Amino acid sequence: VRPSTHRRLALAASIATAAALGCAPGVPSGYEPGEELSGGAGTVFDTSRMAYALSARNLDAETRGRFAVGNNFFSDNWVIAPSSTSARDGLGPLFNALSCSSCHLFDGRGAPPAEGEEMRSMLVRLSIPGVDHDGGPLAEPTYGLQLQPRAIPGVMPEASTRITYQELAGAYLDGEPYSLRRPTITITALAYGPMSGDVLTSARVAPSVFGLGLLEALPDALLEALADPDDADGDGISGRINHGWDEARGVVAIGRFGWKATQPTLRQQIAAAFGGDIGITTALFGDGECTATQVECRDAPSGGAPECDDEILDFVELYARTLAVPARRDASDPEVLRGKALFTAAGCASCHLPVVETGAHPVDALAHQTIRPYTDLLLHDLGEGLADHRPDFEASGSEWRTAPLWGIGLLETVNRHQLLLHDGRARGLAEAILWHGGEAEASREAFRAMSRSERDALIRFLESL
Amino acid sequence: VIAGRIAIAIAAVASCAGLGACVLIRSDGARVDRQALLRDVTEQVIVPGYAELADRAHDLDSAQRALCERPDPERLDTARAELARTSEAWAATLGYGFGPVVDLHLEGQIDFWPARAATVEANVASSEPITDDWVDGLGTAGKGLHAIELLLFAGGEAIDGAPGDDAALAALAASERRCGYLVALGAHLSRSTIRARSAWERSWAEQLVTAGRGSSGYATEADGVSAIVTELVGAVQRVDRTQLESPLGLAEGGSPSPDAVALRLSQRSIASMVATLDGVRAVWDHGLDPAVRSRDPRLADRVAAELEAALAALAAIPEPFAEYVVSGDLAAGRAAIDALRVLARSLATEVSVALAITVGFTDNDGD
């Protein structure tokens with residue numbers, strides 16, 4: 001039986017340490033001692049542009065050394081094969097980016113391009129109706145699972161993309177107007193002929209990459225306990241687990257990474273990004289991205305088999321696992337606490353679960369930590385406005401994984417923008433809230449009904465995360 | 001159509017119903033048609049370009065024969081005008097100066113620069129009978145366009161004299177051997193340009209057009225397109241570095257050098273550079289522009305504008321260029337160099353990426 005919203009939060013609370021939540025049923029809205037430590041004992045206290053880029057504080061010296069090596073492979077560009085460097089050659093032939101960090105700048109969040117510009121830290125996923133052999137989306141026959149607008153010399157980039165926006169006027173219930181921008185993405189210059197007539201697309205920006213090891217360390221049992229796929233409690237919130245395909249184990253597994261929680265492990269998420277985004281093969285994804293019709297792509301030189309060997313993948317995995325979560329600021333500020341109470345009262349905390357506890361993990365520093373990610377890692381129907389109508393494993397076209405909110409208040413500092421949601425359409429926290437629909441419609445309407453002062457307080461709270 | 005359900009074959013951005021994201025896929029922007037590019041550049045630019053060159057060289061040959069039959073100021077003017085037309089027709093081919101002009105070593109036969117006055121005078125003084133074989137066997141410093149320029153302008157000795165009334169006419173009238181040498185050089189130039197034209201018409205055009213489809217010269221279409229773009233980049237760089245930067249003294253450690261100005265005597269230096277850029281523009285207009293435009297209209301527009309800017313900047317440099325280089329005010333020359341570099345960079349990077357080809361080494365890249 002799925003617990004009700006309040007019971008759900010209490011469940012999370014009971015799973016977390018009693019000290020953290022004060023043993024109260026429901027969600028505390030007052031200051032909780034230690035709630036600054038969003039990432040548990042590994043939390044860092046940097047508020048500079050490097051706030052997302054530091055290693056967890058509780059790493060031992062050896063792990064910290066491996067983190068530095070992983071940072072190197074995460075940050076440096078991959079080059080075209082053959083090259084004098086065999087460790088990082090094999091770029092493309094088709095690709096979106098030269099390195100992990102070119103999309104996850106400062107380990108932060110990508111952004112949609114300016115109007116008229118090509119996507120740089122954003123991509124378009126492709127598929128056609130149906131599922132492939134492992135239950136995932138069926139690749140578009142000519143262009144595969146992802147549009148790659150860049151290519152090495154001698155290979156034609158798949159297409160060009162452009163983004164434009166249409167302003168949609170709205171107003172809070174107190175009469176204050178707002179405007180949301182609705183994106184239109186145009187795909188032009190298809191180099192390999194037309195796409196399938198029933199192609200499905202989903203445009204996505206690169207998410208922040210800190211704290212991922214802690215999310216990986218959340219026990220499956222916790223996610224299963226939080227899930228309420230049939231909304232048995234009738235609270236209008238029906239969090240569902242997405243099940244993806246675990247390539248390493250060859251089994252269906254709980255998904256927790258990606259905008260639709262399709263990847264069960266961080267290692268697989270990284271390997272998929274290496275393959276899809278940079279064109280680098282790994283032991284997990286060794287076939288490359290060229291489709292049957294992309295002859296020049298298939299004939300291009302390879303950087304090895306695989307191009308990113310397990311040792312390098314180990315380093316990058318360790319790096320992504322141990323990127324620290326920045327601490328909250330002003331957590332005890334009265335205005336922040338007022339916003340925190342409003343956040344809870346509006347029902348936001350039902351999905352953006354404030355506090356959970358990690359379980360066992362191969363990296364000791366990540367195990368058994370009380371963390372405050374503000375996510376339940378579950379899929380929720382967010383309504384027509386945000387829908388991409390592209391199913392992804394068990395996620396429907398309108399379901400998205402609850403995005404973690406930790407560190408979101410430092411986004412402007414780190415990435416010099418506040419473009420939020422999966423395609424970066426929201427120009428700030430308020431717009432992101434206003435785009436919520438479906439299960440979150442009641443929360444959105446609660447926000448719309450707040451006074452200006454209340455809205456400011458809620459935003460102030462989010463900025464403290 | 002909403003979000004991921006896609007409208008195919010939409011020629012322009014249309015409104016999508018509903019609140020969600022809208023994705024439009026335009027099928028009008030199809031793949032780059034490299035076959036069409038190769039065909040159009042070959043048939044509309046390269047082959048006509050070498051035909052024009054051969055025609056101009058033939059007219060120069062005829063004008064020089066007429067001059068030597070009866071040297072007079074009017075016929076000297078005509079020969080000089082034909083030399084200018086031939087030089088500019090040759091300059092226009094530099095944007096596609098690969099293939100037979102390289103393989104048959106015709107480039108040096110036509111355009112060895114600088115021609116050496118001492119060699120030319122030695123050939124005038126030689127007692128060898130003037131035959132086609134003799135001219136064919138001469139060193140390149142004593143034949144081609146620049147040797148002809150030396151003879152038609154008397155090495156510049158009387159460049160300030162009234163047209164037709166200078167030392168060149170007197171020298172040609174006074175020396176049957178000198179005029180016979182001039183006529184032989186005209187005939188040699190004509191033969192060389194005919195060889196280039198014939199080679200393109202007989203086999204090279206087919207080699208390029210059938211690149212990747214049975215061509216023995218170009219294994220892939222990309223190889224053919226790469227040859228074209230590489231030569232374009234090389235032509236732009238040659239104007240920049242050899243014809244502008246060097247005589248202007250703007251290269252590191254350089255100083256203004258009128259002697260480094262090609263076609264100095266005929267005062268057609270800038271016209272020749274403009275002709276080279278006109279040839280580049282012809283290749284762009286007739287092949288590259290449509291191909292690039294199919295992938296990136298903004299890039300196509302920009303490169304077209306950069307071409308026009310480079311042409312305008314070149315045209316703004318005054319003749320005589322040899323006097324300009326020592327004028328002290330090199331702003332126009334610097335502006336032209338800047339414009340050419342912008343163009344070369346776009347061709348070598350963004351255009352080559354758009355066409356998915358690799359730009360190779362050019363003559364300007366050194367060993």
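Keep in mind that what you see is a predicted model, and the values were worked out from it rather than measured. Convention: sequence-line order gives letters A, B, ...; per-chain numbering from 1.
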Task: A:T188 OG1 to B:D296 CG distance, which is reported to the nearest 0.5 Å - done: 7.5 Å

Task: Part of A:R162 lying under 4.5 Å from any heavy atom of chain B - done: side chain

Task: Approximate separation, where rounding is to 0.5 Å, of A:L147 CG and B:I25 CD1 - done: 8.0 Å

- [ ] For A:P153 and B:T358, work out which heavy atoms get closest and say how close.
- [x] CB-OG1, 3.2 Å

TODO: Could you tell me which non-hydrogen atom of B:V353 sits nearest to which non-hydrogen atom of A:P157, and how far apart they are?
DONE: O-CD, 4.0 Å

Open item on the list: Could you check whether atom CD of B:E206 has more than 12 heavy atoms from other residues, nucleotides or ligands sitting under 6.0 Å from it?
Closed with: no

TODO: Could you look at B:R293 and say if it's the side chain, the backbone, both or neither that has a heavy atom under 4.5 Å from chain A?
DONE: neither

Task: Structural part of A:A203 lying under 4.5 Å from a heavy atom of chain B - done: neither

Open item on the list: Give me the atom names and distance for the closest heavy-atom approach of A:R182 to B:C22.
Closed with: NH2-CB, 4.0 Å

Donor-acceptor contacts, no H, no angles, side chain residues 417-424 of chain A, under 3.5 Å, sequence neighbours left out:
| residue | atom | partner | partner atom | Å |
| --- | --- | --- | --- | --- |
| A:H417 | ND1 | A:L419 | N | 2.9 |
| A:H417 | NE2 | A:R109 | O | 3.3 |
| A:H417 | NE2 | A:G110 | O | 3.3 |
| A:D423 | OD1 | A:R425 | N | 3.4 |
| A:D423 | OD1 | A:R425 | NE | 3.0 |
| A:D423 | OD2 | A:R425 | NE | 3.2 |
| A:D423 | OD2 | A:R425 | NH2 | 2.9 |

Task: salt bridge (charged side-chain N to carboxylate O under 4.0 Å, His left out) contacts touching residues 123-132 of chain A (sequence neighbours left out) - done: none

Open item on the list: Report which part of A:E296 has an atom under 4.5 Å of a heavy atom belonging to chain B: side chain, backbone, both, or neither.
Closed with: side chain

